[in-house]
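Proteins get letters first, then strands, A, B, ... in listed order; numbering begins at 1 in each.
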Protein chains: 4
Amino acid sequence: MPKGIPLTNEDRELRRSEIAHAAADLIFEKGFTETSVNQIAKAAGIGKSTLYDFFSNKDEIILYLMEKFLIEVTSRAKAIIAGEGSVIERLRRVMQMHLEFLLRNKAFILKLTLETQRLSIENQKIYQVKRYAYQDLLIELIEQGIADGSFRQIDSGMLMKTLLAAMSPVVYTSRPVGTPQEMLDKTLNLILEGAKTSDS
Amino acid sequence: MPKGIPLTNEDRELRRSEIAHAAADLIFEKGFTETSVNQIAKAAGIGKSTLYDFFSNKDEIILYLMEKFLIEVTSRAKAIIAGEGSVIERLRRVMQMHLEFLLRNKAFILKLTLETQRLSIENQKIYQVKRYAYQDLLIELIEQGIADGSFRQIDSGMLMKTLLAAMSPVVYTSRPVGTPQEMLDKTLNLILEGAKTSDS
Amino acid sequence: MPKGIPLTNEDRELRRSEIAHAAADLIFEKGFTETSVNQIAKAAGIGKSTLYDFFSNKDEIILYLMEKFLIEVTSRAKAIIAGEGSVIERLRRVMQMHLEFLLRNKAFILKLTLETQRLSIENQKIYQVKRYAYQDLLIELIEQGIADGSFRQIDSGMLMKTLLAAMSPVVYTSRPVGTPQEMLDKTLNLILEGAKTSDS
Amino acid sequence: MPKGIPLTNEDRELRRSEIAHAAADLIFEKGFTETSVNQIAKAAGIGKSTLYDFFSNKDEIILYLMEKFLIEVTSRAKAIIAGEGSVIERLRRVMQMHLEFLLRNKAFILKLTLETQRLSIENQKIYQVKRYAYQDLLIELIEQGIADGSFRQIDSGMLMKTLLAAMSPVVYTSRPVGTPQEMLDKTLNLILEGAKTSDS
DNA sequence: AATGAATGAGTCTTCATTCAT
DNA sequence: GATGAATGAAGACTCATTCAT
């Protein structure tokens, strides 16, 4: 609104965030391709081309959201992992946090992952690197668990993949068997039980 | 190819299958929305409008593929479930068959499931019913396992969901930890172990 | 159906007529552009390309129908005009015959006239010449009427045009004020009354 | 033309009018179905999609034109009917105004009426209501004329229909018998004469 | 002689992006 | 800094016409 006064970096970041989150709601409901730039601008309460002052194209909005998501999740996971408790407890807490994050962000992140395919190869790589950072945190934790005997000799990468993949039905199912929280508990009981040492 | 002679139902079905599988390749690579009817026709080696002689619209191609997939998978699952072996063995065999099917069909089925969101509500329902039929087969088998003491008192629906969701990283990961077969084995060891009775 | 036996000219004409009349029904309901060659062929109970053995393109079907219509109407008008009765009586009889013809042919002729615009200039000319032949018959009769004192000194061309134009609401109106027959009578009473000599 | 500034309602209306009239020329020459949106846009000197900023689809262009035409003609007719002069004089003046309007609007309105059939049923109804409003004005005037003895006991609806239908050859004939003005005069002399009381 | 499978040109419509104000 | 008017490229789909059988 104020004309001629340059935005501070902080302001700029705030606006980007506002716009992106307005977009997130729409993308969650209809998918990325089905959401038009016009609709995003309207939902954000700005003009169509103002949007282009903050994001140089539509893809960047997705990229921004995925990045924010991963940075946040990764930093929270770090805090949990560095904290107290047994490996299994901490792994549960990480998945718990992950679930809450998905629910709070309207679970649209999983859709985003799908939309990722539409991005240019370069943009996909950028996103991949950040995803790996998060995944590697989990792997590290799992390997701690193997080292300290909480888990048997399993493939840490595969457990990580299975845990993350298992979040999907918790959030997306059309035939829920309980609240998301209950479903997460059941899922973790199942998978983590299978990863335990037989006598633990 | 023959010009004035009506296609037999068999021929027709064959052509539908050919076209659909040409489409499948493209959809697998780029997603449904990003694949144009023109490109599908070109890939199938036919004219755009010939395609419309076999499918009355774009959605029908997806629907056809999903239907074929589910009919086949469901019928094979039935045969396995009705066969010999312990519940856990049969469950493993079903997942094995499922994996092979995914791999043989270029694994694009999982993507299709996601693309489902773009279909009309009615078409989504049609597909949902068939998916449930398959899922219910698995649930039944799992409940047999609970009844005969192979599994502990777990939520059969949640185990089914977790198993199916866990197929995803086996087929899709960009950081594989082995062949798909090895990844499947590791995954099943993990999950089925967690579902066993503690003393089995 | 019989293969290899050439059609006689008569047979050929019969088939043309059958096809054209099947087309007429569809064109009347939906308009020329909105009626597809496929539908016409189906309605005529023949294959799409058989149709092309009898008409070299879609336009020719229209041309054929208009020609038949005008030939028939013109010949009947000739008979009436050459017959007994006062000029006004004969004019009434011609319009009566014209109405019946329109009604019998489902009035689609008026629509045809509209479709005429879509024809090539040459085809339009061909049709125009035949229309003029019919119109000229009416003009002749009207001029007889002026000569024998039935009509006052009016413009015969304009009366002919007005009479023909006035058939339109009789057949097409969405707010009829009686049966077509009654509407024709009222219309003719109006126009022919206005054309009479003041003391006749 | 100005780029980032919202159009005033006035400007918007002006542009709609410009576009619609560019369309009118083409539709008059070739018919509605045969005129493509592309051609209309080109004729209006704008891009194809700019057109869609002013009309949400092709049908709306026709609807707009018909509405404008009927609103204008109806309001002028009202003024004439409320004015001075005998009923017959006023009826003449209305038809005169109608003719001028048709000529000024390139006479394409009559064609539009025929194109009406292609519109959706709902849109046809909308147009019908407005046409009836105009027709009813004429009927009222004619009934005044019957009441005050200017006309004999004729069907007012039929006279209205005949008058309007008789405009068609005045504007459309390929064999004119004078200027449109002269043809109108002849036509009205004919029809109104026929409607008069025998001794007036 | 009769058919319908095959096709490419063309239809309306949408949308990410630019740019003058 | 902010806007929305303008656009061209592209998409799904239709149809008159041809041609091998």
What's the [atom1]-[atom2] distance between [X] and [N], to the nearest Å?
X       : N      : atom1 : atom2 : answer
D/Glu18 : F/dA6  : CD    : P     : 10 Å
B/Phe55 : F/dT14 : CZ    : C1'   : 18 Å
D/Arg16 : F/dA5  : CZ    : P     : 14 Å
C/Ile40 : E/dT3  : CD1   : P     : 16 Å
A/Arg12 : F/dG1  : CZ    : P     : 9 Å

For this session: Could you say whether A/Asp53 or D/Leu51 is positioned toward the 5' end of DNA chain F, judged by the nucleotide with the nearest heavy atom to each?
Result: A/Asp53
Exercise. Once each nucleotide of nucleotides 10-17 of chain E is scored for protein heavy atoms under 4.0 Å, what B/S/- sequence comes out, 5' to 3'?
Worked result: BSSBBBSB
Between [X] and [Y], is any pair of side-chain heavy atoms under 4.5 Å apart?
X       : Y        : result
D/Glu18 : D/Glu13  : no
D/Tyr64 : D/Ile19  : no
A/Met66 : A/Lys130 : no

To check you understand the geometry: which heavy-atom pair defines the closest contact between [X] and [Y], and what is its length?
X       : Y       : result
A/Asp53 : A/Arg12 : O-NH2, 3.1 Å
B/Phe55 : B/Ala20 : CZ-CB, 4.2 Å
D/Lys58 : D/Phe32 : NZ-O, 3.2 Å

For this session: Quick one: pull up CD in B/Glu60 and OH in B/Tyr52 and give me the separation to the nearest 0.5 Å.
Result: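 OH of B/Tyr52 is found 10.5 Å from CD of B/Glu60.
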For this session: Calculate, to the nearest 0.5 Å, the distance between atoms CD1 and CZ belonging to A/Ile61 and A/Arg16 respectively.
Result: 9.5 Å
Seminar exercise, completed: Here DNA chain E, pairs taken as Watson-Crick or G-U under 3.5 Å and shown with ( ), [ ] when crossing and | when to another strand, reads .||||||||||||||||||||
Please tabulate, one pair per line, all N/O donor-acceptor pairs under 3.5 Å involving side-chain atoms of residues 35-50 of chain B, not counting sequence neighbours.
residue : atom : partner : partner atom : Å
B/Thr35 : OG1  : B/Gly31 : O            : 2.7
B/Ser36 : OG   : B/Asn38 : N            : 3.4
B/Ser36 : OG   : B/Gln39 : N            : 3.1
B/Gln39 : OE1  : B/Lys30 : NZ           : 2.8
B/Gln39 : OE1  : B/Ser36 : N            : 2.9

Exercise. For C/Arg15 and E/dA2, is the shortest distance between a side-chain N/O and OP1 or OP2 below 4.0 Å?
Worked result: yes
Exercise. With sugar-phosphate meaning primed atoms plus P, OP1 and OP2, does D/Phe54 contact a base, only sugar-phosphate, or nothing at under 4.0 Å between heavy atoms?
Worked result: sugar-phosphate
